[in-house]
Each structure stands twice: as C-alpha cells, then as structure tokens.
Amino acid sequence: MDYELVVGLEVHAQLLTKTKIFCRCSTSFGAGDNENTCAVCSGLPGALPVLNKKVVDFAILTGLALNCEIRENNVFSRKNYFYPDLPKGYQITQFDEPICLNGKVTFLLDGKENTVGITRIHMEEDAGKSTHHGEFSLINLNRSSVPLCEIVSEPDFRSAKQAAEYMRYLHQVLLYLNVCDGNMDEGSLRCDANVSVRKKGETKFGTRVEIKNINSFRFVEKAIDYEAGRQIDLIEQGESIKQETRLYDPDKNRTISMRSKEEAHDYRYFPEPDLLPLTVDRKWVEKIKEGLPELPLQKHHRFVKDYGIPAYDAEILVQSRAMGDFYEQVAKQSKNPKAASNWIMGDLLKVLNEQKKDVTQSPVTIQQLSDLILNIDGTKISGKIAKTIFEDLAGGKYAGKSVDSIISENGLAQVTDTKAIESVIDKIIAANEKQVLDYRGGRDKVFGFFVGQVMKEMKGQGNPQVINDLLKKKLKGE
Amino acid sequence: MKELASRIQKGEVTALSITERAIKLAKASQKDLNAFITICEKEALDKAKALDALVKNGKTLGPLAGVPIAVKDLLLTTGIRTTAGSKILDNFIPPYSSTVVQKLEAAGAVIIGKTNLDEFAMGASNENSAYGPAKNPWDLTRVPGGSSGGSAAAVAAGITLGAIGTDTGGSIREPANFCGIVGLKPTYGRVSRFGVVAFASSLDQVGPMCKTVEDAALMLEVISGKDMNDSTSASVATQKWSQNIPTDVKGMRVGLPKEYFVEGIEPEVEKNVRRSIEILKNAGATIVDISLPHTKYGIGVYYLIAPCEASANLSRYDGIRFGHRAKNVADLSELYKRSRGEGFGPEPKRRIMLGTFALSSGYYDAYFKKACKVRRLIRNDFTEAFKKCDVIATPVTTGPAFKVGEKSSDPLAMYLNDIFTLSPSLAGIPGISLNCGYSKEGLPTGIQLLSNHFEEDKIIRAATVIEKNQTDVRKVPYGL
Amino acid sequence: MTSQSNIDKKTIQKIADLAQLALTPEEENLYTEQLGSIVNYVSLLSEVNTDGIEPLVTPTDMAFTMREDEPLKQLSPEEIVANSPDKSGNLFKVPPVL
Ligand SMILES: [Mg+2]
Ligand SMILES: [Zn+2]
C-alpha cells in the first residue's frame with residue numbers, strides 16, 4: 001500500500017530587535033542569570049506590556065516577503081497556561097486577529113520550484129528557559145518576552161525533504177530581511193511539525209500528530225521521516241493514530257509522546273486588555289515595503305538570466321544576501337560573471353570555510369578579486385599566478401594592497417616577450433640534451449617536461465601559449 | 001489640602017509634625033478601624049524630614065507639599081510591603097513603585113501607610129480582606145464599603161485629608177458613599193495603572209478619595225496623565241481641575257436615568273439624591289429625563305468580564321517568583337495548586353473559578369464574548385445619553401453602609417450592591433460620589449455624578465455646587 | 001446559553017484543575033452551588049440581541065501606545081529574585097519540570 005505524507009510547519013523565529021517585545025530589556029544572548037529581566041518580563045504584580053514598534057515593522061516585512069496580506073486589525077490575546085518559565089501564567093500572542101494571512105512561498109527542491117501556502121504569521125512573546133537538575137529545575141527569564149514571529153504553513157508538504165528545504169529557504173529569507181539572526185543553536189529559529197499520513201488517492205487528512213521544538217534542518221527531515229514511518233507501521237498493523245503531541249529525541253532518532261489530545265490544554269484565549277487593538281494602516285505597510293529587499297529566489301533567477309551562470313551556481317551564490325552582493329559586484333567589476341562565479345564558488349568559499357568567516361569578512365576584497373579576473377582576462381597575469389596571489393591575499397600577505405601594485409612590486413606580470421622566453425628555452429634545451437634526443441626520437445611525452453622546466457625557470461610568469469609555440473619550433477630544431 | 005501644603009511650604013508648620021500626627025492617629029485607630037495593613041512610620045517620617053529640609057533651603061515643593069496621604073495596598077511601593085489584601089502576597093516587598101505613587105511623591109506627598117482592602121480589590125465591603133475587615137467610622141459595626149474601604153475609613157476618620165483608592169466596579173465611589181466622603185473614579189485611561197496590582201484590566205482605575213471635592217480635584221491633577229509604561233493610559237491633557245471651580249452650573253443639563261430610580265432604593269437615599277438635584281437646578285442646571293436601557297444587564301456583564309480578566313491576572317501568583325509557596329510539595333503541580341489554594345481567600349478563588357469557566361472551551365462565545373458585546377451596548381447607552389445631558393445624577397447604592405456580616409454569605413446579594421456603579425465602569429466614564437445627606441440611622445448617603453469620557457471637569461463642577469450648598473453637614477461620631 | 005446552569009461538581013473539578021487551584025471538598029460543594037447561581041444569573045444576557053455588535057474591551061477611545069526599540073536596564077537580577085520563596089543564585093528554583 002502506498003502512503004502519502006501530509007506535513008505543515010509552525011516556525012518560530014526570534015526577531016532581531018534590541019529589546020524585548022513588551023519591555024525595554026535587552027535581548028542579548030548569553031547574559032548573566034536573569035540579567036535581562038524587569039518587572040514586566042518577570043511578571044511582577046502591576047507590570048504592564050508596552051509594544052515595541054520594531055516588532056511590528058519586522059512582522060510586516062516578513063509578511064510582505066512571504067506574499068501575505070497584512071491585516072489592518074490586530075489584536076493581542078492572552079494564551080493561558082501554567083508553566084514555570086511562563087511568568088504571567090499567560091503568553092501574550094495573537095489569536096484570531098493576526099498580522100498576516102494567506103501568503104505563499106516558492107523555493108527550490110532539487111532545482112525545481114515548489115510553492116507552499118502560508119496560513120498566517122503572528123507576533124508573540126517567548127517564554128523563559130528552564131534547566132533541569134534532577135531534584136529540581138532552575139528558571140531563567142532572560143528569554144521571557146523576547147519577540148517571536150510564528151509562521152504557520154499550510155499542510156502542503158508531501159515529503160520530509162520538502163519540509164526541510166522550505167525551512168532552509170525560510171531561514172535564508174529571514175536572514176535576507178535581517179529580521180532574525182537564524183542561529184538555531186541559540187533557539188532563534190525552531191519549528192513544530194504537524195504530521196499525518198494517508199493512503200495515496202485519499203482526499204481526507206489523516207489524524208495529525210504535532211512534533212514539538214525541532215531545532216535543526218536535519219532534525220526536521222529526520223523527525224518527520226521517523227514519525228511518518230511510525231504512523232504507517234501503526235496503520236499497517238491495523239491500529240489507529242492517536243492525536244497527540246510528541247517530542248523528537250535526536251539522540252535516539254525517534255519521537256516520544258508528550259501529551260494526548262485529552263490532556264491538551266484549554267488555553268482560554270481572550271483579548272489582552274492591557275493592550276489596545278493595533279491598527280496597521282496602508283501607509284505603514286507601504287513604508288515597510290520600501291525596505292523589502294530582493295529575495296533569494298528572485299535573485300537566483302536574475303543571476304541565471306543576467307549573468308548566464310548555471311542554476312547550481314546561482315543557488316549557492318544567493319544563499320546569503322551578502323554573498324549575492326559580493327558576487328554581483330565582482331561580476332560587474334570584473335566584467336566576467338562566469339569567472340566571478342567560478343572564483344567564488346571554488347576558491348573563495350573554500351577559504352571562507354577554512355577560516356570560518358562570513359563573506360563580509362572575506363580576506364580577498366571585491367576589488368581585489370575583480371582585479372585578479374581583469375588581469376587574467378587582459379593576459380597581464382597567468383591563471384596560475386592569479387591563484388598564487390589569491391592564496392597570498394587569503395593568507396593575509398598583502399592586506400590592503402591593490403592587485404596591480406602586488407603584481408608590479410613583485411614582478412608577477414606575465415612575460416610575453418619572445419626574446420626573453422627564447423633565451424630561457426635555449427638554456428633549458430642546452431641543459432637537457434638527453435631529453436631533446438628522446439623528443440626528437442618520437443617521445444612526444446617529453447614535451448610536457450620542457451614546458452614545466454621553462455615555466456619553473458620563469459617562475460610561472462611566462463605566457464603558456466608563447467612558450468608552447470616557441471618550444472615546439474626550437475625542439476624540432478627550426 | 002492646598003492650605004496645608006501652602007503652610008508647610010511657607011514653613012509655618014513642619015511636614016514632620018503633620019506626619020507625626022497622622023501616624024499617631026493611624027496607629028490609634030487601628031484597633032477600631034483596621035484601616036491600614038501597613039503603616040510606614042519610618043519611611044514617612046524620613047520623607048517628612050527631608051521635605052522640611054528642602055523647605056528650609058528655600059526649595060519649592062509640589063502641590064502636595066508635606067501632605068500625608070494614605071494609599072490603598074494595591075499600589076506597589078518600593079521597599080514597602082504590598083499585599084493586595086491577600087495572604088498570597090503577605091511577604092511581597094516590591095522592587096518598584098507604581099506610577100501614581102511616584103507622582104504623589106514627586107508632588108511632595110508623604111505616604112503614611114497602605115490601606116486595607118478586599119483581597120485583590122474584589123469586594124464591596126472590605127470583609128474579603130485577609131487582614132480582617134476595616135470598619136466604618138460612622139458605625140463600627142458597619143462596613144466601610146469596598147474595596148477601597150481602608151482608604152475611605154482613614155479619610156472619614158480624619159487620619160489623612162486624602163487617600164488613593166482604586167475602582168473597578170465601584171470600589172472608590174461605594175466606600176466614599178458609605179463613609180460620607182468624596183470619591184472620584186476618573187475616566188478609564190486618565191490615570192496610569194502601572195504598578196497597580198491588576199484585578200480587571202479593562203476596568204481598573206486609580207482615583208482620589210478625599211474630604212472635599214477640591215481636594216479630590218487637586219489629587220487628580222497630581223496623579224493623572226499619559227504614562228509610557230501603561231498602554232491603556234490616554235494622551236489627554238491634564239487640567240487644573242482644582243482651580244477656579246465655578247460655583248454654579250448654569251446651562252448644565254443634568255440627566256436622570258429612569259433605570260436608576262427604581263424600587264428597592266431606601267427612601268432617604270432617594271430623597272437626599274433628589275434634594276441634591278434640586279440644588280443643581282437652583283444653581284442653573286436643567287434637569288432632563290434620560291434612559292439607559294441596558295442597565296439591568298450591567299451586573300451580568302461585569303460579573304463575567306471582571307472575573308475572566310481576573311482569572312488570568314491572578315495566574316502569576318503561582319508561588320515561584322514571589323508570594324506564598326506551599327511547603328512540602330511532591331511536584332510542580334502540587335506546588336501550583338496548594339500555593340494558590342492556600343494563598344487565595346474565598347472571593348479571589350470564586351472569581352478565578354467563574355472566570356476560568358466563562359473562558360473555557362465551549363463557553364467563551366456564550367459568556368465572555370457575549371458579555372463584551374453587551375458591554376458595547378451599555379457604552380452606547382451612555383454615548384446616546386450624553387447627547388441629551390452633560391452630567392448624569394444617580395444614587396450610589398440602594399442604601400447606606402450595611403452591617404458587617406450582613407451580606408457576606410451570599411455573593412450574589414453582595415454583587416447586586418454595585419448595581420449603580422458597575423455600568424459606568426463598563427463604559428469607562430468618570431464618576432464622582434459625594435455625601436448628600438443621611439439615613440434615618442444617621443449614616444451618610446451619597447449621590448453619584450457621571451460625565452462623558454475625559455469630562456471630569458463637569459462632574460467636579462456639579463459636585464462642588466452640591467457640596468457647597470449642603471445644609472445638613474454632620475461630624476463623624478468616631479473621635480480620635 | 002441555557003437558563004439551567006451547566007455547573008456540576010465534575011465541572012468545578014475540571015475548572016479548578018485548569019486554574020491550578022487546590023479546593024477542599026467543602027469549597028467544591030460551595031462553588032458548585034454559588035457558581036451555579038451566578039451563572040444562572042448572568043444567563044440573563046442571552047436575551048439581549050447582539051447581532052452585528054462588536055465586542056468591546058477597552059471602553060475608552062485612545063491612541064495605541066508603542067515605544068522605540070531602545071534598551072533600558074531597570075532592575076537588577078538580585079531585585080528580580082529577591083521575593084522568590086526558593087532560588088539558587090539569581091535563578092528561580094522549582095520542583096523538577098516534566
Ligand atoms: Mg506560538
Ligand atoms: Zn523586561
């Protein structure tokens with residue numbers, strides 16, 4: 001029997017504001033215990049929430065990027081439940097009047113475009129953090145009231161890989177928008193997955209299981225795959241799926257039951273009386289729209305179209321906004337978009353990887369890389385010399401120097417002067433009589449040896465074409 | 001109050017001597033009135049001395065220079081225990097002060113103590129206090145009203161000239177009425193709620209309770225204004241309500257809602273209200289009949305909305321970060337349940353239960369949401385009414401202060417006591433209650449004056465006219 | 001909304017659970033009765049026609065308050081945990097969660 005997987009994701013993205021959503025505490029990660037707390041976010045009696053405008057700006061921007069309608073009427077609600085890391089006993093969130101509805105997002109999966117629906121996006125506050133110590137738990141409220149955007153997708157995913165790819169793309173988009181730092185280790189982006197399976201051809205959804213708090217792309221895929229397998233096994237055994245909430249255990253790669261439907265919370269949502277309804281007018285939305293950057297997929301298409309690079313390259317070059325900008329500037333300045341792509345995809349990415357650096361901290365500047373390419377194309381230097389210069393730049397050897405001055409100060413310009421090359425060839429031929437005889441005796445292979453020797457003598461600066469031509473003539477005794 | 005502040009400012013009397021006297025009276029009254037939960041003697045005397053030193057140095061203090069003020073124990077005070085009348089906050093020492101307290105202190109007021117109240121301001125008699133009921137200085141066997149009963153008793157007994165109360169469904173106006181003083185509930189949004197222990201967030205409002213209308217107006221000037229820490233405080237300019245209050249009400253239209261003059265009101269209460277309306281008429285007002293057709297739903301709406309909001313507002317009292325924590329608990333769930341079960345008294349529990357029920361799955365639409373819709377109709381009633389009149393005059397309660405214990409066993413009967421004060425709270429409009437006569441037992445009875453949002457000036461003007469034209473003004477029998 | 005209240009003892013126990021309140025058996029009985037009569041009373045609202053009426057929360061019309069994204073340190077962690085019945089350093093201590 002063939003089964004079809006049905007998955008929807010709820011992604012929580014921590015917004016990159018300086019302060020929390022309802023108080024002026026810092027959102028900085030790694031502060032001392034309860035250092036970033038105040039009366040409001042620690043839920044002291046009498047404390048009241050005041051909304052951080054930036055949070056709304058960011059939510060609007062995210063909504064625009066995901067093609068949502070931005071709703072004018074916004075209401076914050078209280079979601080009531082008891083948990084030690086939830087100091088007020090309720091979370092302030094948006095319930096029936098969220099900021100965004102009905103969006104969609106298109107991303108690439110194995111090079112093909114996939115589009116899934118975004119049900120809604122809403123703003124809410126995060127909870128604090130409990131750490132467990134056997135006999136007791138400790139509560140730190142530094143994260144309490146940190147702003148989140150919850151991005152809820154339609155149940156449009158049909159494979160775990162597709163869900164993971166969406167998550168990766170969403171991550172990219174949020175970084176493009178600069179609304180989230182995307183740091184999954186610190187919990188800045190995490191997701192819950194609603195998973196169900198059904199027999200192929202069935203139109204009704206199966207009973208869904210919610211998997212909570214998945215915090216890596218890899219785990220998204222693994223958790224969903226595991227859960228789908230578990231559900232299919234149950235059905236095959238003639239059992240039914242229980243609607244429940246489960247947790248993914250990455251160490252054992254399995255999901256475990258957290259609570260059943262019967263134990264599900266009755267959250268008793270109601271409008272937060274400490275905050276008025278918020279009106280987001282068109283003017284506000286238009287203002288935010290001005291700051292909407294080109295998104296990864298658009299950039300991808302444009303790179304392929306305008307610069308003629310392969311889709312594979314484009315996909316990698318648009319992975320971050322900074323990388324895309326870097327590429328695009330090198331492509332323009334070097335007037336050789338393909339070479340620019342090759343250099344970045346090959347040499348630069350390798351260096352950045354080794355040095356664990358972001359492209360914005362690249363040891364080879366846009367100007368330097370562009371000049372290298374220009375010099376190769378202008379045959380001022382050889383590709384080999386260019387590689388050497390590049391490696392030296394990456395190693396920090398010529399910090400701040402222009403490529404032209406590096407070339408001239410170090411005499412690295414390519415030698416095309418026939419006379420100079422001829423004299424080196426003569427010298428090499430004279431010193432290798434045996435090999436000359438071999439060559440003339442029909443061992444063509446020896447030709448490579450001579451090229452190598454000449455190049456070596458010329459420190460790689462000889463123009464390879466000229467060397468080839470001259471060498472052939474001289475060896476033939478012409 | 002103005003006179004006292006001015007004498008202190010001029011150095012004719014010291015803030016210290018005035019404060020000492022107030023604290024002496026407060027202490028002496030405790031066994032009879034139980035008006036205070038905490039008397040902050042040391043802090044008050046230190047503050048008074050500091051103010052006197054400033055006066056000596058020629059500094060100009062604020063409008064409440066050296067004036068002793070009592071503050072309901074629902075407002076947070078840095079370093080001074082704040083209980084909200086509940087055992088669950090018995091040991092709570094706030095690390096910050098409410099905006100109102102900060103404003104009072106900046107105006108030169110000396111806070112001498114934290115007054116008794118119904119637990120979490122839930123009640124109309126002060127009998128729900130975990131610290132024992134406050135008593136009415138007019139008759140110690142009677143309640144002072146609630147929930148700001150301690151504040152009303154303290155002012156009525158002459159311990160301070162002014163006190164701070166809070167009003168959610170009548171908790172300033174009703175005790176002021178029972179104790180024969182002036183109580184002003186401002187427009188919702190006029191005064192910051194920051195640092196005020198929340199009962200029902202969309203209703204709670206802080207206001208002054210004083211001997212005179214002018215004093216109440218002066219205190220309102222001090223405490224009102226936009227607060228960036230309270231999203232529900234309005235950016236509406238504060239006026240000098242206490243200055244140049246007109247002595248007439250020429251051209252003012254006073255509306256009498258037919259739904260508020262019904263059977264069940266004690267004859268003296270109605271008689272006194274009608275006499276005050278005559279006073280207004282004689283001072284130039286036109287009397288018009290109006291109707292507030294949804295009045296009878298006010299109690300139902302209030303007793304859904306307030307408990308729903310309260311049920312969430314009281315969730316933070318969980319024994320983890322502050323307040324009472326049960327001993328020897330086996331697990332987290334027991335910690336929650338027993339800390340709250342032991343810490344809350346019967347009335348908060350009842351309201352938490354009611355609110356939790358009305359918000360729970362399957363009941364939300366029928367109860368909470370329905371109540372919010374009817375609330376709009378109630379507000380619309382007032383909006384319509386204020387097209388026909390400037391001020392609405394009504395009784396405050398159906399009768400004078402009742403006996404301690406008289407209604408405490410029947411919560412619904414107690415809730416019905418608030419019938420005239422609830423709807424104005426639901427509509428967010430300002431209301432003032434002031435004494436306008438006495439019952440046959442010699443207990444004070446009052447009148448409530450209401451105006452449209454942010455039109456406190458109108459009720460202050462009308463109240464002043466009634467106050468100035470009272471012929472029967474009696475002294476509180478309780479002597480200190 | 002029916003005129004007869006839906007509040008029985010089981011409901012009271014369920015609600016007490018939601019509200020994390022330990023009730024004594026006497027309290028359970030008392031609240032079953034009292035909440036029943038209050039709920040009956042408020043059921044009066046069902047007779048009001050509220051078709052097309054928007055729910056009202058904040059009763060006064062006023063502008064929405066927002067603030068800029070500027071940090072301000074207001075209390076120290078010591079002040080935050082000062083009132084806690086059980087703490088460890090500057091952290092709140094509770095029985096094991098989960
Ligand atoms: Mg959420
Ligand atoms: Zn904070």
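Each chain gets a letter, A, B and so on, in the order its sequence line appears, and its residues count up from 1. As a basis for the values below, the full set of heavy atoms in this structure was taken, side chains included, without hydrogen atoms, waters or symmetry mates.
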- Passing option when F64(C) is tested against N74(A), L51(A), T279(A), V56(A) for side-chain contact (heavy atoms from CB on, under 4.5 Å): L51(A)
- Item | Structural part of F22(A) lying under 4.5 Å from a heavy atom of chain C | backbone
- Output the distance between atom CG (L275(A)) and atom CE (M66(C)), rounded to the nearest 0.5 Å. 11.0 Å
- Can you tell me how far CG of L75(C) sits from CG of L44(A), rounded to the nearest 0.5 angstrom? 7.0 Å
- Task: Report the C-alpha separation of L141(A) and F92(C) in whole Å, then their side-chain angles, then the decisive distance to 0.1 Å, and conclude whether the side chain to side chain contact (heavy atoms under 4.5 Å, CB included) test is met.
- Result: CA-CA 9 Å; L141(A) 298 176; F92(C) 302 104; 3.6 Å; yes
- Item | Reported CD-to-CZ distance for the pair Q20(C) and F82(A), which is rounded to 0.5 angstrom | 5.5 Å
- From the list N52(A), N142(A), V75(A), the residue making the most non-hydrogen contacts under 4.5 Å with chain C is N52(A)
- Note on the structure: When rounded to the nearest 0.5 Å, the distance separating NZ of K87(C) from CD1 of I139(A) is 15.0 Å
- Looking at T131(A), N36(A), T37(A), T27(A), which one has more heavy-atom pairs under 4.5 Å with chain C than the rest? T37(A)
- Side chain, backbone, both or neither of S42(A) within contact of chain C (heavy atoms, under 4.5 Å): side chain
- Message: Given heavy-atom pairs under 4.5 angstrom as the criterion, report whether the side chain, backbone, both or neither of V94(C) touches chain A.
- Response: both
- L276(A) and A63(C) have their tightest heavy-atom pair at CD1-O, 3.5 Å
- Proximal component of I80(C), with respect to chain A [non-hydrogen, under 4.5 Å]: side chain
- Task: With a 4.5 Å cut-off on heavy-atom pairs, point out which of T58(C), N90(C), L72(C) contacts chain A the most.
- Result: L72(C)
- Scan side-chain atoms only and decide if D69(C) and T19(A) contain a donor-acceptor pair under the 3.5 Å cut-off. yes
- Task: List the steps, then state whether side chain to side chain contact (heavy atoms under 4.5 Å, CB included) holds for R24(A) with R67(C).
- Result: CA-CA 9 Å; R24(A) 293 178 67 181; R67(C) 62 172 176 82; 3.7 Å; yes
- Item | Largest heavy-atom contact set with chain A, pairs under 4.5 Å, which of V57(C), L18(C), T65(C) | L18(C)
- Message: Looking only at heavy atoms and a cut-off of under 4.5 Å, which of E272(A), H133(A), H265(A), K54(A) has the most pairs with chain C?
- Response: K54(A)
- Task: Examine whether an atom of E35(A) lies under 4.5 Å from a heavy atom of chain C, and if so say whether it belongs to the side chain, the backbone or both; otherwise answer neither.
- Result: both
- Message: Let me confirm one number: the CD-SG distance from Q74(C) to C25(A), rounded to the nearest 0.5 Å.
- Response: 6.5 Å
- For atom CD of E135(A), decide whether the heavy atoms of other residues, nucleotides or ligands shown that lie under 6.0 angstrom number more than 12. no
- Note on the structure: The interface call for P273(A) against chain C, heavy-atom contacts under 4.5 Å, is both
